[in-house]
Every structure is written in C-alpha cells, then in structure tokens.
Amino acid sequence: MKSDHTQWSKEELKIYILLCCAKGDQIETKEEIDLIKSKTDPETFERLDNEFCGDDEDRCFEKIDDVIGKYPFSPYEISEIKKEVMEVFNSDNKFEMKERNLCKVFDNMLY
C-alpha cells in the first residue's frame, strides 16, 4: 500500500532516510542523532523524528519509496544522499550487518 499523504521535500526525505539509518541497527547513538540534527533545523528534525517514531519498518519504506517516486534525482543528488547515509552509519565507528543490509535497500530504492 502506497502512502497518499506524504508530502516531503527532497531535504525532508533525506532527513527521514538518515533517521532510518540511525535506528537501523536498533541502537540510536548520540553521534548519529547529532550528525542528523546538524543537517537540518530543529523544527524539521523534531517533526520528522516524531513521524519516524510512529512508523513501523514497512511504513517507513513505503513512505520513502513513495516520495522517491515523486522527484527526479540527479546522479549528484543520489551520490550525496549515499554519502550522508554512510556518514550516519560510520558516525558511531561501527557498520553492523543490519546497517549493511539497510544500505543495500536504499541503494535499490534510489536507483
């Protein structure tokens, strides 16, 4: 089932993806959250974090896929999102199996 009400900008989509990455291994670190907060304003972070916390994993992927389908992304934009995803994964100096799998999921969704 596709989301019919998710109206994020590209930047909001990126923040939501990064939140998903931070929580991908079930352990959200201060370093991960601080990094994400540094990429947006406090109001946007709070709103998207609250929304993310209310979504299960399937709903998260549905929303992300829905919004990705609404926008054309240039190769540069895709590269930047992937770079920021890896920054979040590496911010706690660990790259767990769950994070590697999530990285592959996002690779497939962005292409």
Side-chain angles (χ1 to χ4, degrees):
M1 177 173 92
K2 291 268 185 184
S3 168
D4 60 352
H5 67 277
T6 305
Q7 301 293 320
W8 299 327
S9 67
K10 284 183 176 181
E11 284 300 308
E12 290 169 324
L13 170 64
K14 179 185 75 173
I15 297 303
Y16 192 86
I17 288 172
L18 297 179
L19 286 166
C20 189
C21 293
K23 298 177 184 186
D25 62 356
Q26 311 304 327
I27 302 167
E28 178 184 307
T29 67
K30 180 179 180 343
E31 293 84 7
E32 291 168 331
I33 295 304
D34 287 348
L35 178 62
I36 297 167
K37 284 180 175 180
S38 75
K39 297 181 180 295
T40 192
D41 61 89
E43 295 81 22
T44 300
F45 176 84
E46 190 68 31
R47 180 174 43 81
L48 290 171
D49 188 50
N50 287 338
E51 183 173 347
F52 180 84
C53 289
D55 294 337
D56 63 22
E57 185 176 87
D58 289 338
R59 186 75 175 133
C60 290
F61 290 139
E62 286 174 4
K63 286 180 172 184
I64 291 167
D65 192 47
D66 183 46
V67 176
I68 286 173
K70 291 179 182 177
Y71 295 109
F73 285 88
S74 71
Y76 175 77
E77 289 172 314
I78 291 170
S79 175
E80 285 299 302
I81 291 171
K82 290 172 129 184
K83 182 181 96 178
E84 292 185 46
V85 162
M86 291 309 298
E87 285 176 12
V88 171
F89 285 148
N90 291 318
S91 65
D92 62 357
N93 297 316
K94 296 181 226 165
F95 192 40
E96 305 288 339
M97 179 63 75
K98 289 180 181 180
E99 292 172 325
R100 287 197 281 292
N101 291 337
L102 189 55
C103 190
K104 290 176 187 174
V105 169
F106 288 134
D107 276 348
N108 288 332
M109 292 175 88
L110 287 166
Y111 281 114

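For this chain, numbers begin at 1 and follow the sequence in order. Only a predicted model underlies this, so the values are computations on that prediction, with no experimental measurement involved.
Side-chain atoms of Lys23 and Glu32, non-hydrogen and from C-beta on, never get closer than 4.5 Å to each other. Residues Glu77 and Lys14 have side chains not in contact (no heavy-atom distance under 4.5 Å, counting atoms from C-beta outward). A heavy-atom distance below 4.5 Å is found between the side chains of Leu35 and Ser38. Counting only heavy atoms from C-beta outward, the side chains of Met97 and Asn101 approach each other to under 4.5 Å. Counting heavy atoms from C-beta outward, Asp55 and Lys63 have side chains that approach closer than 4.5 Å.
Within the structure, every pair that satisfies the salt bridge (Lys or Arg N to Asp or Glu O under 4.0 Å) test and touches residues 35-45, not counting sequence neighbours, is listed here: Lys39-Glu84, Lys39-Glu87. Listed by first then second residue, pairs satisfying ring pair (Phe, Tyr, Trp, His ring centres under 6.0 Å) with a partner in residues 24-49 number zero, not counting sequence neighbours. Applying the salt bridge (Lys or Arg N to Asp or Glu O under 4.0 Å) test to every pair with at least one member in residues 102-111, sequence neighbours left out, gives these pairs: Lys82-Asp107.
Note: Ile78 CD1 to Ile68 CD1 = 8.5 Å, rounded to the nearest 0.5 Å. Note that CH2 of Trp8 and CZ of Arg47 are 9.5 Å apart. Values are rounded to the nearest 0.5 Å. To the nearest 0.5 Å, atom CD1 of residue Ile15 and atom OG of residue Ser9 are 9.0 Å apart. Rounding to the nearest 0.5 angstrom, the gap separating the CG atom in Asp34 from the OG1 atom in Thr29 is 8.5 Å.
Of all heavy-atom pairs spanning Ile36 and Ala22, the tightest one is CD1-CB, 3.8 Å. Among all heavy-atom pairs drawn from Tyr71 and Phe73, the shortest one is O-CD1, 3.4 Å. Closest non-hydrogen pair, Ser91 versus Glu31, comes out as O-CB, 3.6 Å.
For the pair Asp56 (side chain) and Arg59 (backbone), a donor-acceptor distance under 3.5 Å is present. Under the 3.5 Å distance criterion, the side-chain polar atoms of Asp66 are left unmatched by any main-chain donor or acceptor of Glu62.
Applying the side chain to side chain contact (heavy atoms under 4.5 Å, CB included) criterion to Glu96, with sequence neighbours excluded, gives Asp25, Lys94, Glu99. Checked against side chain to side chain contact (heavy atoms under 4.5 Å, CB included), Phe61 has the following partners two or more places apart in sequence or in another chain: Cys20, Glu57, Leu102, Val105, Phe106, Met109. Take Phe52 and apply the ring pair (Phe, Tyr, Trp, His ring centres under 6.0 Å) test, not counting sequence neighbours, and it matches Tyr16.
A continuous path of hydrophobic side-chain contacts links Ile81 to Met86 [ILVMFWY only; heavy atoms under 4.5 Å].
Paired with Leu48 under the rule side-chain contact (heavy atoms from CB on, under 4.5 Å), one option of Leu19, Leu13, Leu18 passes, and it is Leu19.
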